[in-house]
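This report refers to the structure that appears directly beneath it.
Letters A, B, ... are given to chains in the order of the sequence lines, protein chains preceding strands, and every chain is numbered from 1. Values in this document were obtained by computation on a predicted structure and should not be read as measured data.
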Amino acid sequence: MLFRVDPTADEPIFAQLVGQVRLAVATGRVRAGERLPAARDLAESLDVNIHTVLKAYQELRDDGLIELRRGRGAVVADQSGRDHSALLAAVEAVVREARLLELTPQATAALVKEAFRQ
Amino acid sequence: MNPTWTDTQLDQQARDRRVRTAVVVTVVGLLILAAAGVIAWSWRAELPDPVASHWGSHGTVNGFSSLGGLLATLLGIGGALVLGFGAMTGFLGQSAANRRIGAAAAIWAALWIATLLLGTLSVQRGLTDARDAGDVGNVLGIALAASLVPAILVGVFVPGDPHRPTERPVAADAPRVRLLGAERAVWLGRASSPIGFIIGVPVAVAIVVIAVTTGLWWLLAEVGVIVLLFIGLSSFVVRVDDQGLSIRSTVGWPRTRVPLDEVVRADVTTVSPVRDFGGWGWRTGRDGRVGIVLRKGEALLVQRTGDRSIVVTVDDAASAAGLLNALSDRQRQGR
């Protein structure tokens, strides 16, 4: 899969990686049973510390999104019972409305975060 | 690399290089076969008539032929193989990988046939009845080693492709992923197939059983080679990053790389292994395309300077092609 990091962004690099894997799984671009790249390969190509990648993988494991297996590396966990299609449609609607109101992604994200607190 | 050479001159040099390799291996291959034929013919007074030409599974002779007939058949097959692989080297050898495979296969075929011919005849020298010829299991082992080792060396020493950068931009209609200025990106995928294990493991087990029951212990060395070969050719890590495209076997070899400055364009394509490449694994396709083909379906196609191209079967090839084109853009713009 495609990974990208922006070292100039505010979001920490491990969090950028976590977000991308989460998105890839949610949209079905990466399927259950598929292996994520070896942390060393990923760190080398992105020119980031290997511990940054491992931290991202650990967070994804704690969320139940991947399993870390000795010898097999990071494998995407079974996502049954986690159908994201309705959520993705809702997110699309949120983005559409936010664009109409010319809200920035940051402002929109703040609204979503606020809604979680209630 | 001399920057004053024009594309036409570089094309000419590349053509010279591949024709030279093809001619040398074809001539050497045919000379090996001719020498084997001359030596075999010089033994004719000491050989039974007819000679043994085929052995059954228990090491007993079950086929006979006249010496002339045997020579004609074996040298005919050997000559056809050498000419075929020589032609492949010459006509499909734009990429060094194809020249290495073609040259190594031509030399392998010549040595395999030559050692097989001389080995099976040498055990019959001094016999009056070919039925008395002993087991040739060890001849097979020697022929295999005596043909494979030099062939691998030939493959290693075939001249490679010199670095051939281009400054032309990637075509505007090629797919691209959008990259922000400071963004670093990588695409990592796998080309793998369970076929290597499904075939390799039973073959290895069968050879071990044969080695134990027949006492042909050299077969065991082959098990190691075959298992390594099957594993090496059945799983590759494919990577697109600011170094270009890299395709590396999970065991480290074979591998290849296309630097960004040699990328003409990258696209998504569909591969049918048998129709396009005549099978699975590391292949040579029509028009001299290099193929790392582990399954049918979606694949990344990269066209490269010097009329070269390479195909590797991966999922999500669109992202790989898009990133390779985008990174090549960046490289051409000097960033």
ask   = Does a sphere of radius 6.0 Å around CG in A:Asp62 hold more than 12 heavy atoms from other residues, nucleotides or ligands, not counting ones at 6.0 Å or beyond?
value =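 For A:Asp62, atom CG is crowded (more than 12 foreign heavy atoms under 6.0 Å).
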ask   = Would you find more than 12 non-hydrogen atoms of other residues, nucleotides or ligands less than 6.0 Å from B:Asp287 atom CG?
value =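 No, CG of B:Asp287 has 12 or fewer neighbouring heavy atoms, counting only those of other groups under 6.0 Å.
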inquiry  = Please classify the contact between A:Leu42 and chain B as side chain, backbone, both or neither, with a heavy-atom cut-off of under 4.5 Å.
reply    =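 The answer is both parts of A:Leu42.
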query = Where does B:Val240 contact chain A at under 4.5 Å (heavy atoms): side chain, backbone, both or neither?
reply =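 It is neither, since no heavy atom gets under 4.5 Å.
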inquiry  = Using side-chain heavy atoms (C-beta onward) and a distance below 4.5 Å, is A:Glu59 in contact with A:Leu65?
reply    =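 No, their side chains stay 4.5 Å or more apart.
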request  = Report the option among B:Leu179, B:Asp241, B:Val177, B:Leu188 that has the most heavy-atom pairs separated by less than 4.5 Å from atoms of chain A.
outcome  =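 Ranked by contacts with chain A, first place is B:Leu188.
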inquiry  = Testing the basics here: between A:Asp47 and B:Arg184, what is the closest heavy-atom pair and its distance to 0.1 Å?
reply    =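 Taking A:Asp47 first and B:Arg184 second, the nearest heavy atoms are O-NH2, 3.4 Å.
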